[in-house]
Q: 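Encoded as structure tokens, here's the structure I'll be asking about.
Since the structure is predicted, the reported quantities are computational estimates derived from the model, not experimental observations.
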Amino acid sequence: MSISKLSEFKKVSLLFLTTLLFIISGCVSHQDGPDSIKEEQNYSITKIQGKPVLQIPEKEATWLTVAGATALYPLYSSAHRQVVEKSRLYDNLLQTRTPDAYDKLINYKADVIFVAQPSDGQKKQAANADIKLTYTPFAREAFVFIVNANNPVGSLSEQQVQDIFSGKITRWSQIGGSDQSIQIWQRPEDSGSQTIMQAVVMKGKKMLPLEKSTEISVMAGVIHKVAAYQNTQNSIGYTFRYYATQMNKNLLKDIKLLAVNGITPSSENIRNGTYPYIVDAYMVTRDKSTPQAKKFVDWFLTPQGQQLVQDVGYVPLYKTLSDIKQ
């Protein structure tokens with residue numbers, strides 16, 4: 001190879017390597033963004049105790065399409081896969097987020113969705129489509145606040161929570177922590193957790209405006225950001241207890257669930273009603289639902305269905321099989 005050709009080859013090689021490094025660095029930068037975490041796609045099935053008293057045959061499976069919030073997927077997927085013959089055969093078990101679940105229900109692409117209470121926007125969407133929705137509560141859950149495990153703050157009052165998320169309290173030192181500014185992570189409008197935050201926690205008080213740099217579309221992103229090694233213990237976020245403690249067990253060592261008014265979000269404190277932020281989980285159907293959807297909803301209220309609720313990790317609203325045996 002001549003010297004001139006060798007020189008040209010080196011130039012092309014250098015350009016290729018430079019381009020490759022640029023692409024790689026760009027990918028890393030994107031992955032490290034606040035909204036880059038992906039939800040897990042598969043969760044283990046929790047077995048129903050005893051033979052399921054509800055069995056929906058394959059020929060009726062297409063009349064029971066279910067969807068729901070991320071945090072409720074392990075529950076409704078466990079039920080669907082065991083009571084519906086050849087579940088997933090027709091893509092009628094959907095892993096969605098709250099806004100998408102409501103959209104599918106209103107547009108006849110789902111028959112039952114498992115979610116928290118609707119936002120004003122979702123109520124309006126149903127009304128505009130002339131769809132009447134039926135809400136059936138079936139489980140109880142805690143809405144929790146998470147901080148880095150090394151944050152010295154272990155409890156907040158309800159007033160302090162409101163003051164943090166309205167911008168009145170901006171530094172941890174104002175509430176017994178270190179002298180650092182408070183980094184808030186929020187969820188988008190119409191997400192289940194943002195709806196609960198506005199309705200149950202803030203109770204009409206205005207929250208800090210959503211900022212693109214700190215708004216995270218997937219719930220896992222909030223936990224990852226609070227747990228991050230680079231975190232200087234200044235972050236705070238919100239989620240559901242089950243999602244933090246069961247669906248993200250690998251991060252439990254790096255985060256801490258705050259007590260509110262000195263009360264921890266334990267199963268016992270959810271059951272006895274002492275934890276301040278307790279929310280119901282709902283099965284939502286259209287007013288004129290399919291017979292299969294109605295059967296599925298009714299089954300979840302039976303002792304066997306409520307036992308599955310408890311075995312998955314939620315607090316049931318009604319008697320379980322264990323209650324009957326006692």
Side-chain angles (χ1 to χ4, degrees), residues 34-35 39 67-72 96-103 105-106 113-128 133 135-137 139-147 155-170 175 182-223 225-226 235-244 255 257-261 263 265 270 273 275-284 314:
D35 195 24
E39 301 286 5
T70 303
L72 285 160
T96 56
R97 300 178 199 159
T98 297
D100 190 33
Y102 272 103
D103 184 68
L105 181 65
I106 292 168
I113 63 173
F114 290 70
V115 289
Q117 67 186 63
S119 68
D120 290 339
Q122 286 149 356
K123 290 178 182 178
K124 185 177 180 180
Q125 182 186 2
N128 289 341
L133 300 179
Y135 300 86
T136 305
R140 200 151 275 163
E141 172 65 318
F143 189 71
V144 299
F145 294 89
I146 57 173
V147 296
S155 180
L156 296 172
S157 69
E158 292 180 71
Q159 185 64 56
Q160 287 172 333
V161 171
Q162 290 181 340
D163 288 347
I164 288 172
F165 286 92
S166 65
K168 290 183 180 180
I169 293 177
T170 60
I175 47 177
I182 299 175
Q183 172 65 66
I184 293 173
W185 297 102
Q186 292 197 62
R187 298 294 315 290
E189 291 288 342
D190 290 334
S191 66
S193 52
Q194 189 71 0
T195 298
I196 294 299
M197 186 68 196
Q198 294 169 334
V200 177
V201 179
M202 299 305 290
K203 299 175 182 176
K205 293 185 179 180
K206 192 174 181 179
M207 291 181 68
L208 286 167
L210 287 168
E211 301 288 346
K212 285 298 179 183
S213 60
T214 56
E215 177 187 330
I216 302 181
S217 64
V218 295
M219 197 158 15
V222 175
I223 298 177
K225 279 297 175 181
V226 172
S235 291
I236 187 169
Y238 44 83
T239 184
F240 295 96
R241 179 189 65 102
Y242 178 82
Y243 189 77
I255 65 171
L257 275 61
L258 295 177
V260 179
N261 297 339
I263 302 169
I270 297 172
Y275 180 73
Y277 302 132
I278 298 172
V279 295
D280 284 344
Y282 295 89
M283 294 176 285
V284 187
Y314 284 91

Q: How far does CD1 of Ile236 sit from CG of Leu258, to the nearest 0.5 angstrom?
A: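 So the CD1 of Ile236 and the CG of Leu258 are separated by 5.5 Å.
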Q: Less than 4.5 Å apart, side chain to side chain, heavy atoms only: is that true for Lys168 and Lys205?
A: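 With C-beta onward as the side chain, the pair stays apart.
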Q: OH/Tyr102 to NZ/Lys123 distance, rounded to the nearest 0.5 angstrom?
A: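 Going from OH on Tyr102 over to NZ on Lys123, the span is 8.5 Å.
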Q: Just how far is it from atom CD1 of Ile270 to atom OH of Tyr242, taken to the nearest 0.5 Å?
A: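 If I round to the nearest 0.5 Å, the distance is 13.0 Å.
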Q: Gln159 and Asp163: side-chain contact (heavy atoms from CB on, under 4.5 Å), yes or no, with the steps?
A: CA-CA 6 Å; Gln159 185 64 56; Asp163 288 347; 3.0 Å; yes
Q: Kindly give the heavy-atom pair with the smallest separation between Leu133 and Ala126, and that separation in Å.
A: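 That closest heavy-atom pairing would be CD1-CB, 3.9 Å.
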Q: Check the pair Ile146, Leu257 against side-chain contact (heavy atoms from CB on, under 4.5 Å), reporting the backbone distance first and the verdict last.
A: CA-CA 5 Å; Ile146 57 173; Leu257 275 61; 3.9 Å; yes
Q: Might you point out which heavy atoms bring Trp185 and Tyr238 nearest each other, and give the distance in Å?
A: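 Heavy atoms of Trp185 and Tyr238 come nearest at O-CE2, 3.6 Å.
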Q: Has the side chain of Thr96 got a donor or acceptor atom that lies under 3.5 Å from a matching backbone atom of Gly68?
A: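 Side chain of Thr96 to backbone of Gly68, a donor-acceptor pair under 3.5 Å: yes, one is there.
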Q: Can a donor-acceptor pair be found, under 3.5 Å and without considering hydrogens, that links the side chain of Gln160 to the backbone of Ser157?
A: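 Confirmed, Gln160 side chain pairs with Ser157 backbone.
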Q: For Pro276, does its backbone N or O pair with a side-chain atom of Asn261 as donor and acceptor, under 3.5 Å?
A: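 Looks like no, no N/O pair under 3.5 Å.
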Q: Is the shortest side-chain heavy-atom distance between Leu156 and Phe145 below 4.5 Å?
A: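 They are not in contact (no side-chain heavy atoms under 4.5 Å apart), so the answer is no.
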Q: List the steps, then state whether side-chain contact (heavy atoms from CB on, under 4.5 Å) holds for Met207 with Gln186.
A: CA-CA 10 Å; Met207 291 181 68; Gln186 292 197 62; 3.0 Å; yes
Q: What is the minimum heavy-atom distance between Tyr282 and Ala116, and which atoms define it?
A: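 Taking Tyr282 first and Ala116 second, the nearest heavy atoms are CD1-C, 4.0 Å.
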Q: Hey, could you give me the OG1/CD distance between Thr239 and Glu141, rounded to the nearest 0.5 Å?
A: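 Rounded to the nearest 0.5 Å, the OG1-CD separation comes to 8.5 Å.
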Q: Return the CZ to CD1 distance between Phe165 and Ile182, rounded to the nearest 0.5 Å.
A: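 Going from the CZ atom of Phe165 to the CD1 atom of Ile182 covers 8.5 Å.
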Q: Closest heavy-atom contact between Ile184 and Ile164?
A: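 Looking at all heavy atoms of both residues, the shortest contact is CD1-O, 3.2 Å.
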Q: To the closest 0.5 Å, what do you measure between CZ (Arg97) and OG1 (Thr70)?
A: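 It is 6.0 Å, given to the nearest 0.5 Å.
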Q: Compare every heavy atom of Thr195 with every heavy atom of Pro118, then report the nearest pair and how far apart it is.
A: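 Of all heavy-atom pairs spanning Pro118 and Thr195, the closest is O-CG2, 3.6 Å.
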Q: Does Phe240 have its ring centroid less than 6.0 Å away from the ring centroid of Phe143?
A: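 Close enough - the centres of the two rings lie under 6.0 Å apart.
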Q: Please name the pair of heavy atoms, one in Thr98 and one in Ala69, separated by the smallest distance, quoted to 0.1 Å.
A: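 Smallest interatomic distance, heavy atoms only, reads OG1-CB, 3.3 Å.
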Q: Please list, chain by chain and in numerical order, all residues satisfying side chain to side chain donor-acceptor pair (under 3.5 Å) with Gln117, sequence neighbours excluded.
A: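 Per chain and number, Gln117 pairs via side chain to side chain donor-acceptor pair (under 3.5 Å) with no residue.
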Q: Begin from the C-alpha positions of Tyr277 and Ile196 and carry the test side-chain contact (heavy atoms from CB on, under 4.5 Å) through to its verdict.
A: CA-CA 9 Å; Tyr277 302 132; Ile196 294 299; over 6 Å; no
Q: Is there a donor-acceptor contact under 3.5 Å from the side chain of Gln162 to the main chain of Val201?
A: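 Yes, Gln162 side chain to Val201 backbone: donor-acceptor pair under 3.5 Å.
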